[in-house]
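Notes to accompany the following structure.
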Amino acid sequence: MDIQTMTFIMIGLSFALYIGIAIWSHASSTREFYIAGAHVHPVANGMATAADWMSAASFISMAGLISFMGYDGAVYLMGWTGGYVLLALCLAPYLRKFGKFTVPDFIGDRYYSQTARTVAVICTIFISFTYVAGQMRGVGVVFSRFLEVDIVTGVMIGMAVVFFYAVLGGMKGITYTQVAQYCVLIFAYLVPAVFISLLMTGNVIPQFGFGSVVNDGSGQFLLDRLDGLSTELGFAAYTTGTKSTIDMFFITAALMVGTAGLPHVIVRFFTVPRVHDARKSAGWALLFIVVLYTTAPAVASFARVNMINTINAEDGSGTPYSEAPGWIKNWEQTGLISWEDKNNDGRMFYAADERNEMKIDRDIMVLANPEIANLPAWVIALVAAGGIAAALSTSAGLLLVISTAISHDLLKRNLMPDITEKKELLFARLAAAAAILVAGYLGVNPPDYVASVVAFAFGLAASSFFPAIVMGIFSQKMNREGAVAGMIVGITFTASYIIYFKFLNVELNSADNWWFGISPEGIGTLGMLLNFAVAITISRFTAATPDNIKQLILNIRHP
């Protein structure tokens with residue numbers, strides 16, 4: 001059976017499963033739509049949280065970035081993993097005890113201000129749309145290759161599926177769909193990793209294969225081989241990297257604190273019955289996340305070695321284009337790989353200098369990896385299904401956060417307080433439908449690679465929500481004026497910096513022009529520090545926090 005037929009079968013079965021779950025878990029109340037009735041089991045919630053968290057950026061793009069960037073790409077691995085630990089230990093239990101539906105709900109009540117709630121709603125929508133752009137792009141990349149449609153059509157198919165189970169089932173439908181999606185994506189990620197580790201190193205465990213000797217008789221360790229190939233082709237050594245220490249630190253910190261401020265991840269801890277369950281589900285989620293995150297460096301390394309050997313040939317002479325393997329011809333049709341014969345010798349060559357004749361999109365590496373290694377068609381189809389599961393699971397969570405922010409935080413809690421539950425549920429579904437349309441447009445016209453777009457969202461979350469949440473839990477002195485001013489300054493500064501270098505002045509986007517050598521991916525850390533500084537300063541010169549709010553804060557922190 002060919003790859004396309006297997007892909008249709010795998011994706012068709014997974015879609016049937018997701019839609020069946022959505023119909024079974026139809027939300028009949030706002031509580032079920034927003035937080036799944038707050039009765040999800042901790043293990044199921046941990047699995048759903050892991051799927052929500054491990055987006056297309058984790059499944060499709062992270063290993064691709066590590067594969068191309070080597071050591072520099074490890075910032076995504078460290079930042080995202082460390083950030084989840086920070087969220088699970090320091091914030092999630094307290095937010096669950098507060099007992100509200102959303103992050104804007106927490107900020108509006110904690111800072112006793114409709115203005116604070118409105119600012120939080122705007123930040124939520126801005127962050128979520130930035131994040132979802134990367135997810136819908138991931139859907140388009142998968143469909144464009146494996147269903148042989150263009151990226152626009154692929155995004156539209158993904159929109160239709162998300163629309164069905166997000167609008168119909170709400171958080172209840174999304175939660176149980178994400179449990180199924182986690183099973184699909186983790187199986188799809190591990191199977192080819194195990195196969196390739198066996199083929200390259202003889203080790204069945206990819207994490208051990210990553211540090212093993214290549215089984216070609218050379219006696220070389222895998223990473224030594226990669227360092228040698230990289231330097232021969234004009235790249236930096238794979239295990240050293242080129243980023244400055246300050247930029248590495250700022251990107252890692254932005255991803256960490258951004259994780260702890262992401263509204264679509266935080267809301268997952270409101271779906272369990274008790275605070276104790278929030279702690280347990282956080283632990284389970286971390287365990288489920290670790291499985292993929294410890295495998296990603298191995299997948300990146302295997303893919304890098306195989307890709308270079310396939311294109312340049314084992315002896316480095318370059319593979320004749322007429323003899324190019326099927327995966328290159330297949331991905332060329334999507335426009336994500338291209339070849340330019342610069343020296344007219346009819347041979348392909350991949351390098352970092354003037355010898356390079358290949359343009360390769362980083363986002364294809366995980367998806368193309370089984371094809372590069374000549375694995376069976378069913379494994380290739382499985383990876384396609386896993387990539388779509390990863391992108392759709394996070395897209396659904398983000399779209400629900402957007403619809404909840406509009407229907408509950410903006411309308412019910414602000415503009416239309418007398419609205420009935422039935423009408424609120426209707427507005428939530430209409431908001432989700434509108435959000436899907438905007439997300440689809442952003443998926444067709446993304447600003448950068450999937451992981452880079454997602455990194456911007458983390459920077460925005462770090463500079464806006466993280467300080468407001470931390471000080472809202474741990475500081476009785478922080479008042480509404482300080483929190484509102486801090487959020488506005490933090491997100492405005494961060495967004496302006498990203499837009500300036502990524503959209504308005506792309507030619508200036510280099511370390512020579514960045515402030516203090518901090519890239520747009522890491523500027524959220526500086527935005528966070530500005531947020532803290534402005535919030536603390538303003539709070540010292542404005543009215544003190546009311547006594548009832550101080551008592552509320554003490555109650556949140558009590559075990």
How long is the straight-line distance from [atom2] of [Y] back to [atom1] of [X], given to the nearest 0.5 Å?
{"X": "Ile289", "Y": "Met47", "atom1": "CD1", "atom2": "CE", "result": "12.0 Å"}
{"X": "Cys123", "Y": "Phe465", "atom1": "SG", "atom2": "CZ", "result": "5.0 Å"}
{"X": "Tyr189", "Y": "Asn369", "atom1": "OH", "atom2": "CG", "result": "9.0 Å"}
{"X": "Lys550", "Y": "Asn548", "atom1": "NZ", "atom2": "CG", "result": "10.5 Å"}
{"X": "Ser510", "Y": "Asp512", "atom1": "OG", "atom2": "CG", "result": "4.5 Å"}
{"X": "Met528", "Y": "Ile523", "atom1": "CE", "atom2": "CD1", "result": "11.5 Å"}

Side-chain donor or acceptor of [X] paired with backbone N/O of [Y] under 3.5 Å:
{"X": "Tyr111", "Y": "Ala468", "result": "yes"}
{"X": "Asn45", "Y": "Ser281", "result": "no"}
{"X": "Thr240", "Y": "Ala236", "result": "no"}
{"X": "Asn505", "Y": "Leu508", "result": "no"}
{"X": "Ser464", "Y": "Ile491", "result": "no"}
{"X": "Thr81", "Y": "Met78", "result": "no"}

Is any side-chain heavy atom of [Y] closer than 4.5 Å to one of [X]?
{"X": "Phe249", "Y": "Ile518", "result": "no"}
{"X": "Asn509", "Y": "Pro520", "result": "yes"}
{"X": "Met256", "Y": "Phe458", "result": "no"}
{"X": "Met62", "Y": "Met365", "result": "no"}
{"X": "Ile364", "Y": "Ile360", "result": "yes"}
{"X": "Thr295", "Y": "Leu190", "result": "yes"}
{"X": "Ile499", "Y": "Leu504", "result": "yes"}
{"X": "Ile553", "Y": "Ile549", "result": "yes"}

Indicate whether any N or O donor in one side chain lies under 3.5 Å from an N or O acceptor in the other, for [X] and [Y].
{"X": "Asn555", "Y": "Gln551", "answer": "yes"}
{"X": "Ser539", "Y": "Glu481", "answer": "no"}
{"X": "Asn531", "Y": "Ser463", "answer": "no"}
{"X": "Thr545", "Y": "Gln476", "answer": "no"}

Pair Phe474 + Tyr94: ring centers closer than 6.0 Å: yes
- request: Among residues two or more places apart or on two chains, list those pairs meeting salt bridge (charged side-chain N to carboxylate O under 4.0 Å, His left out) that have a residue in residues 244-258.
  value: Lys243-Asp247
field: Listed once per pair and sorted, the salt bridge (charged side-chain N to carboxylate O under 4.0 Å, His left out) pairs that draw on residues 456-480, sequence neighbours left out
entry: none
message: Looking at Tyr293, I want to see if its OH is surrounded by more than 12 non-hydrogen atoms of other residues, nucleotides or ligands under 6.0 Å.
response: yes
query: Crowded around Trp514 CH2? As in, over 12 foreign heavy atoms under 6.0 Å?
result: yes
query: Should the ring pair Tyr497 and Trp515 be called parallel, tilted or perpendicular, given that the plane angle runs from 0 to 90° and is split at 30 and 60?
result: perpendicular
Minimum heavy-atom distance [X]-[Y], with the two atoms named:
{"X": "Val179", "Y": "Ala44", "value": "CG2-O, 3.5 Å"}
{"X": "Ala485", "Y": "Ile538", "value": "CB-CG1, 4.1 Å"}
{"X": "Ile127", "Y": "Ala461", "value": "CD1-CA, 3.6 Å"}
{"X": "Ala63", "Y": "Val299", "value": "CB-CG1, 4.2 Å"}
{"X": "Ala285", "Y": "Ala50", "value": "O-CB, 4.1 Å"}
{"X": "Ala535", "Y": "Ala483", "value": "CB-N, 4.4 Å"}

message: Under the criterion side-chain contact (heavy atoms from CB on, under 4.5 Å), I'd like the reasoning laid out for Arg110 against Ile556: C-alpha separation, chi angles, the key distance, then a yes or no.
response: CA-CA 11 Å; Arg110 160 59 183 88; Ile556 295 172; 5.6 Å; no
query: side-chain contact (heavy atoms from CB on, under 4.5 Å) between Leu226 and Thr239: does it pass, once the steps are laid out?
result: CA-CA 8 Å; Leu226 262 176; Thr239 57; over 6 Å; no
task: Please step through side-chain contact (heavy atoms from CB on, under 4.5 Å) for the pair Tyr112 and Asn479, ending with a clear verdict.
output: CA-CA 9 Å; Tyr112 50 96; Asn479 61 12; 3.2 Å; yes
query: Quick one: is the NZ or CZ of Arg304 closer than 6.0 Å to the six-membered ring centre of Tyr238, and within 45° of its axis?
result: no
message: Between Phe516 and Phe250, is the ring-ring contact (aromatic ring centres under 6.0 Å, His included) condition met? List the steps.
response: CA-CA 11 Å; Phe516 314 112; Phe250 270 73; 8.3 Å; no
message: Show, in sequence, the C-alpha distance, side-chain angles and deciding distance for Leu255 and Tyr76, and conclude whether the side-chain contact (heavy atoms from CB on, under 4.5 Å) test is met.
response: CA-CA 7 Å; Leu255 295 173; Tyr76 295 94; 3.9 Å; yes
